[in-house]
Asker: 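I'd like to ask you about the structure that follows.
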Amino acid sequence: MIPISFFLVLSAVLFVIGAYGIMTKKNGLVVLMCIEMMLNAANINLVAFSAFLNDVSGQVFVLVAIAVAAAEVAVGIAILLNLYKTSNTTDVSEINILRW
Amino acid sequence: MTFIEYAWLVPMIPLAAFLIIGFFGNRTPEGGGYIAIVGAVASFVLSLLIAIEVFGGSVATPYVMETPWLKISEDITLNFGIYIDNLAVLMMLFASFISSLIFIYSVGYMSHEGEKKRRYYAEVSLFLTAMLGLVMASNFLEMFIFWEIVGLCSYLLIGFWSFKHPEGDDASDAAASAAKKAFLVTRMGDVCLMAGLFVFLYAFQSLDYAVLFDYTVIQTVDPDMIALGSILLFGGVIGKSAQFPLHDWLPDAMAGPTTVSALIHAATMVKAGVYLVARAYPLFVQSMDVMLVVALIGGFTALFAATMALNNMNLKRVLAYSTLSQLGYMVMALGAGGYVMAHALHSGDVEAVGGYTAGTFHMMNHAFFKALLFLGAGSVIHAVGTEDMRKMGGLGKHMKVTSVTMLIASLSIAGIPLFSGFWSKDLVLEAALEPALEGAGIFWLLYIMGILTALMTAFYMFRLWFMTFRGEEGEASKHCHGESPRCMTVPLMVLAVFALFSGFFILAGFNDLLTFSFVGGAFVVGGHGHSAMYVLEHLALSPYTYLSIVVAVTGIYLAYRMYRVKDVDPGRFNANGESAPYKLLQKRYYFPQIYNAIAMKVTYPVALAVNYFDREAVDGVVNGIAGSITGGSQELRKVQNGLVQTYAAVVVGGVALIVVLLYLAGFLTGGL
């Protein structure tokens with residue numbers, strides 16, 4: 001059996017890559033993808049522990065999280081589409097209309 | 001049932017009248033005048049019923065009824081209630097009685113005022129409420145509240161014509177500034193009074209009369225504190241009762257309607273100061289020095305004010321100076337009596353002191369004859385339309401009732417035997433004489449001042465009477481439209497009866513009712529006094545009584561020669577109004593200028609400095625704090641720059657920081 005620490009390291013690596021992407025990438029679409037990556041990093045953790053501890057509820061959580069993430073991405077992409085229509089860009093570093 | 005249980009209604013009735021007139025006055029006849037009369041008469045009747053109980057001895061005095069009002073700390077509770085003894089009853093009686101008569105008189109006198117009558121009657125009702133509340137209050141704080149309401153009402157009423165004066169715009173400006181002057185000058189005294197209250201509160205931990213006048217409590221308190229508090233309290237009296245040097249507002253206060261002058265001079269306001277001295281007598285008599293100051297201020301005011309009345313041509317001004325002078329008499333009598341008492345206090349019981357009886361008795365008699373004089377003057381002014389006595393003369397033919405009642409009042413104030421003023425004025429002089437004969441030399445000076453005042457009083461009152469009612473008709477007398485209406489002459493006649501006979505009260509019980517003595521280690525108001533026979537005998541056998549009669553007759557005779565027969569030209573003594581003393585008197589010893597100079601040179605710079613401090617220091621701190629907060633927020637809001645990536649960075653950095661700190665904490669505490 002693969003030790004649990006392998007899963008945890010994989011998850012941590014994915015999470016950090018995602019966080020790095022969110023903070024650095026300019027394209028809104030890529031930022032959304034990075035968010036998905038971070039979510040899935042967390043999902044891997046949950047599933048790993050679920051299998052490791054023989055508890056199904058971890059997998060249930062993951063299924064719920066995936067459903068929510070799908071809805072969230074739908075909303076995120078809709079926002080991006082509208083942004084592109086109004087300001088002709090998807091560069092998140094240029095979009096600062098919700099500021100002081 | 002006893003009526004005294006309902007004593008709290010006495011000030012409440014005029015208060016109700018005030019509210020009703022204030023809201024609905026213009027919907028009732030005479031702008032609510034009849035409501036004011038009903039209110040005043042009702043409180044007089046109730047006062048009378050209470051007086052019968054109190055003077056009859058069926059109620060133990062002082063009658064105290066109070067309820068806690070403010071609890072300042074565990075030890076100090078301030079109460080609200082009534083405190084009734086003979087002194088309070090006397091004040092209630094004459095304040096409500098004279099006010100009733102003045103209100104009745106006002107229906108005639110103020111008949112041309114139209115819509116403004118509502119204001120007038122509402123304010124005089126409040127005035128009466130405040131005065132009654134003042135005399136019935138059960139502690140100094142409550143008294144002080146009503147004291148201030150009295151001041152407010154006097155301000156409002158003196159300035160009654162400040163918008164539209166019957167004599168034009170200059171007169172209305174004068175009324176406005178007179179009102180302000182009355183308010184501000186008395187305020188000077190009130191500040192002292194309030195300081196005195198703080199001293200007493202500190203020393204006694206209470207302001208209740210019942211506690212402060214208890215000799216066993218007084219003994220436990222530092223006598224210096226009592227002396228300090230008393231002298232500060234007397235500062236308030238100087239302001240309210242217009243004693244030297246805060247006297248100058250009173251002559252100016254003549255700018256109000258004459259009925260208001262009568263109210264201020266006879267029934268309310270200025271009597272409050274004298275009342276306060278009499279009320280706080282147990283505290284005042286703790287120090288001979290305080291009482292000496294009181295007596296000296298009183299005596300000096302009496303003489304000082306009388307001189308200014310000698311050559312004034314304004315009918316009402318002469319009466320105003322005479323009020324000042326008579327108030328000085330009352331204060332002098334109280335001071336002299338208190339001096340005697342303070343002297344004897346530590347050697348046991350003290351019999352009823354003459355000064356107290358004399359002061360309060362003169363206060364009552366003065367209320368009657370001064371109300372009569374002012375209402376008579378108002379009747380004359382109403383008829384001829386001027387206050388200048390040079391334009392009057394010969395009015396006796398046209399106004400019989402007014403001239404006869406005024407004559408009675410003048411004889412009374414001059415101190416002609418059997419008229420009321422004679423009895424009390426003689427008691428006052430005797431009160432000043434008592435310590436003098438016992439060896440306090442300075443009271444000889446006071447007695448001489450008193451005698452000189454008596455001479456001048458007789459002179460100027462008859463000068464006024466002869467100039468107004470006798471001699472050739474002046475220019476204003478020619479279009480005099482006869483005697484005033486009935487509602488004005490009837491109060492005059494009623495008051496004339498009292499001015500004639502109220503002196504006999506001293507033989508018929510006053511000597512027992514209004515006394516102040518120290519018996520068995522307690523102060524007693526209304527203890528046993530001298531018998532009527534003793535008083536009568538004393539008056540008849542004392543050579544000083546005859547001296548004062550001679551002085552009064554001399555004064556009248558001088559006035560008769562100068563202003564009736566006119567074979568002595570008054571111009572001879574003052575270079576026809578050009579001599580320096582004459583001008584000095586006309587200019588009121590330059591007191592208005594002195595007040596103005598003090599206001600401009602002292603008060604105004606202080607006010608400017610205070611204003612500067614307020615704007616720069618007090619407001620500066622507040623504005624500085626507010627400014628730094630808004631400025632800081634202006635800078636801080638820049639953090640919210642709208643870039644989601646920055647927010648994400650902050651969140652990630654924050655979480656990382658927390659994790660690091662947790663590890664660090666765990667490492668340091670050895671948990672990890």
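Each chain gets a letter, A, B and so on, in the order its sequence line appears, and its residues count up from 1.
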Asker: If you compare all heavy atoms of A/Arg99 against all heavy atoms of B/Gln640, which two are closest, and at what distance to 0.1 Å?
Answerer: CB-O, 3.4 Å

Asker: Are there over 12 heavy-atom neighbours, none belonging to B/Tyr647, within less than 6.0 Å of that residue's OH?
Answerer: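 Buried by this count: over 12 neighbours within 6.0 Å.
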
Asker: May I ask you to name which of B/Val644, B/Val651, B/Asn641 has the most heavy-atom pairs under 4.5 Å with chain A?
Answerer: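 With the most close heavy-atom pairs to chain A, the winner is B/Asn641.
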
Asker: Assess whether atom CZ of B/Arg187 is packed by more than 12 heavy atoms of other residues, nucleotides or ligands within 6.0 Å.
Answerer: yes

Asker: Taking atom CZ as the centre, does A/Phe15 end up with more than 12 heavy-atom neighbours from other residues, nucleotides or ligands that are less than 6.0 angstrom away?
Answerer: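 Atom CZ in A/Phe15 is not crowded, with 12 or fewer foreign heavy atoms closer than 6.0 Å.
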
Asker: If I take atom CG from residue B/Leu643 and atom CG from residue A/Leu98, how far apart are they, to the nearest 0.5 angstrom?
Answerer: 10.5 Å

Asker: Counting only heavy atoms not in B/Met188, do more than 12 fall under 6.0 Å of its CE?
Answerer: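 It does not: B/Met188 CE has 12 such atoms or fewer within range.
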
Asker: Does CZ belonging to B/Phe204 count more than 12 external heavy atoms closer than 6.0 Å?
Answerer: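 More than 12 heavy atoms, drawn from other residues, nucleotides or ligands, come within 6.0 Å of this atom.
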
Asker: To the closest 0.5 Å, what do you measure between NZ (A/Lys26) and CD (B/Gln645)?
Answerer: 8.0 Å

Asker: With a 4.5 angstrom heavy-atom cut-off, is it the side chain or the backbone of A/Ile22 that approaches chain B, or both, or neither?
Answerer: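 For A/Ile22, the contact with chain B is made by backbone and side chain together.
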
